[in-house]
Each structure stands twice: as structure tokens, then as C-alpha cells.
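Comments concern the structure below.
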Amino acid sequence: MSYTVGDVIAERTVHLTRESLVRYAGASGDFNPIHYRDDVAASVGLPGVLAHGMLTMGLASSVVVAALGDSSKITDYGVRFTRPVVVDPQGGADVSVLAKVGAVDEQSVRIDLTVKHADTTVLVKAQLRVAL
Amino acid sequence: MNNELLGREFPATPPYLVGREKVREFARAVFADAPLHTDVDAARALGYADVVAPPTFAMVIQDQTLQQLLAEPDSGIELARTIHAEQRFAYTRPIVAGDELSGRLKVTGIRMMAGNAMITSEAEITDAAGAHVVTATSVLLVGSDESEDAA
């Protein structure tokens with residue numbers, strides 16, 4: 001597979017519900033109550049129950065791995081969590097992922113992820129490096 | 001926040017056996033639909049011994065190390081006031097069902113910002129043979145409990 005800067009590797013929108021958060025809590029073992037209890041979220045000043053940052057990070061790499069077909073060449077994956085994803089109890093939340101080739105050198109390709117919720121970027125410097 | 005945490009190292013966590021159904025459960029939770037995560041034959045066709053965990057599964061092991069940090073009597077970290085600010089994984093290889101993994105945590109940075117503390121920690125995750133699998137680095141932003149009184 002050859003890569004050119006700017007190529008779109010994958011693109012997908014994932015719909016999160018409160019059930020998604022409970023499922024992720026159970027699968028990951030992260031039972032921080034701000035991810036499922038409105039009263040606790042409100043008591044610490046949050047605008048609502050938030051998706052786990054690691055759920056957002058995890059679904060973003062899932063989009064890339066599905067496109068690559070394998071994860072053996074992934075050497076590095078990092079993100080900064082800048083904005084929370086508030087998951088409405090009824091409406092849920094849509095998270096969109098756009099994966100593009102950001103840089104290519106002889107050893108590796110850097111895939112830059114644009115991850116948004118309601119037109120706001122929620123992960124910054126979301127980059128995945130894949131060995132060639 | 002306690003600056004004496006800087007440089008603190010924790011003992012290796014007990015071996016965590018990565019189960020096939022756990023990998024499938026985690027894959028479903030992070031919308032990981034590539035066949036290598038759930039289909040043993042697909043994983044084997046790619047050369048793996050069993051299903052392959054999604055890249056962020058390393059957090060499950062890292063979380064065990066972070067629990068050690070949270071349990072420190074002098075940590076001053078309260079979960080509900082803690083925000084995950086940054087996360088990075090550096091992989092030697094993917095995690096595969098059947099792996100027995102252990103994490104060793106070190107607090108590598110503490111920075112105060114407007115009354116909040118940014119704590120950086122690195123968990124080095126190794127397999128049963130002691131070989132490196134992935135290093136997971138987290139930056140946690142811990143809010144001060146006075147913020148509510150001030151507001």
C-alpha cells in the first residue's frame with residue numbers, strides 16, 4: 001500500500017448512546033461515575049454525562065484499523081482530549097472520525113485523525129504512526 | 001497535590017491474562033469491527049495466535065497501574081475531579097488473546113497549572129517472557145477541591 005499526504009484512509013460517524021458508555025465502562029473497567037451518573041457529573045460542574053475519553057480514542061483507532069485490516073504495524077498512537085463529548089440521555093451523541101495521511105517518510109506513515117462532536121474538535125493532535 | 005509523587009515507581013501489577021471473550025467484548029465496546037479482533041481464523045490468517053485486541057486495550061492494564069497511584073494515601077487524587085488530558089501508546093507489538101501482561105508504573109511529571117495539577121505517568125507493559133509490548137503514557141488533570149468554594 002502506498003501513501004500520499006492528504007489521502008483519506010477512512011471516514012466514519014459513530015453514534016454513541018448512554019448504553020455505549022455503560023458498555024465501555026464494563027469492557028474497560030473504568031467506572032468513573034461522570035460517565036453514567038447525571039447527578040455526579042453536575043456536582044463536579046460538568047455540562048452532562050461525558051463519554052470516556054478512551055472510548056472516543058478507541059473508536060477513532062477502530063476506524064483506522066478497519067481500513068488497514070491489521071494493527072501489527074501501528075507503532076504509536078496519541079491524542080489530547082480537549083473537549084468533552086456530552087452524551088444526551090435521549091439523543092446520544094454523534095462522533096465523526098476522518099483519518100488522513102499527514103506525513104510519510106521512508107520508515108513510516110503518520111495518520112492524522114480529525115475527531116469531532118457537534119462540529120467541535122474533541123481530540124487534538126490525534127496521530128497514529130504506522131510502520132511501512 | 002503532592003509533589004513527592006514525582007519519580008515514584010510502583011511494583012509490577014499481577015499478570016493479567018488476556019481472554020478471547022474479553023477482547024471481543026472490548027472490541028464491541030470501541031466499535032472495532034475489523035475481523036482480526038473477533039474472528040480467530042481471520043487473526044490466524046494474519047499470523048496471530050488468537051484474536052487481536054484493539055490498540056487502546058492496553059488501557060485495561062494501564063488502569064490497574066493507575067489504581068495503584070490512586071490508592072496511595074498521599075496521592076491527593078479524587079477520581080470525580082480528575083480529567084484525562086492526554087494519552088499515548090508506543091507499541092512493540094499488538095496485544096493478543098492468551099498474553100499474560102503486567103504493568104509497571106512510574107510518575108514522570110507533575111506540573112501545577114492555576115491550582116490544578118497535571119500528572120504524567122508511564123506504564124511499561126510486558127508479557128510473560130518479560131518482553132516489552134506497549135508503553136502507555138497518561139496525563140491526568142487533577143482539579144483542586146477548593147474550586148467549588150471559590151466559584
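A quick note: this is a predicted structure, and the numbers were derived from the prediction, not measured. We name chains A, B, ... by the order of the sequence lines, and we start the count at 1 in each one.
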- Ranked by heavy-atom pairs below 4.5 Å to chain B, first place among Ser28(A), Ala66(A), Gly53(A) goes to Ser28(A)
- Query: Roughly how far, to the nearest 0.5 Å, is the CE atom of Met54(A) from the NE2 atom of His35(A)?
  - Reply: 11.0 Å
- Message: Please output the residues of residues 12-27 of chain A in contact with chain B, using a heavy-atom cutoff of under 4.5 Å, in numerical order.
- Response: Arg12(A), Val14(A), His15(A), Leu16(A), Ser20(A), Arg23(A), Tyr24(A), Gly26(A), Ala27(A)
- chain A contacts, top residue of Ala42(B), Gly47(B), Ala85(B), Ala43(B) (heavy-atom pairs, under 4.5 Å): Ala85(B)
- Message: Between Val60(B), Thr137(B), Val30(B), Thr92(B), who has the most heavy-atom pairs with chain A when the cutoff is under 4.5 Å?
- Response: Val30(B)
Which donor-acceptor pairs under 3.5 Å do the side chains of residues 123-132 of chain A make with protein atoms, sequence neighbours left out?
from	atom 1	to	atom 2	distance (Å)
Arg129(A)	NH1	Ser108(A)	OG	2.8

- Picking from Gln64(B), His37(B), Gln67(B), Arg28(B), which has the most non-hydrogen pairs under 4.5 angstrom with chain A? Arg28(B)
- Query: Within the side chain of Thr13(B), is there an N or O that forms a donor-acceptor pair under 3.5 Å with the backbone of Thr65(B)?
  - Reply: no
- Evaluation steps, side-chain contact (heavy atoms from CB on, under 4.5 Å), between Met59(B) and His52(A): CA-CA 12 Å; Met59(B) 191 69 207; His52(A) 304 74; over 6 Å; no
- Item | Heavy-atom closest pair, residues Ala93(A) and His117(A) | CB-CE1, 3.5 Å
- Toward chain A, the part of Tyr48(B) with a non-hydrogen atom under 4.5 Å: side chain
- Which answer fits Ser61(A), side chain, backbone, both or neither, if we ask what part of it has an atom under 4.5 Å from a heavy atom of chain B? side chain
- Query: Are any of the side-chain nitrogens in Glu25(B) or Lys22(B) under 4.0 Å away from the carboxylate oxygens of its partner?
  - Reply: yes
- What pairs with Lys116(A) under side chain to side chain donor-acceptor pair (under 3.5 Å), at least two apart in sequence or on another chain? none
- Task: Could you label the plane-to-plane angle of the Phe26(B) and Phe57(B) rings as parallel, tilted or perpendicular, counting under 30° as parallel and over 60° as perpendicular?
- Result: perpendicular
- Partners of Gln107(A) by side chain to side chain donor-acceptor pair (under 3.5 Å), sequence neighbours excluded? none
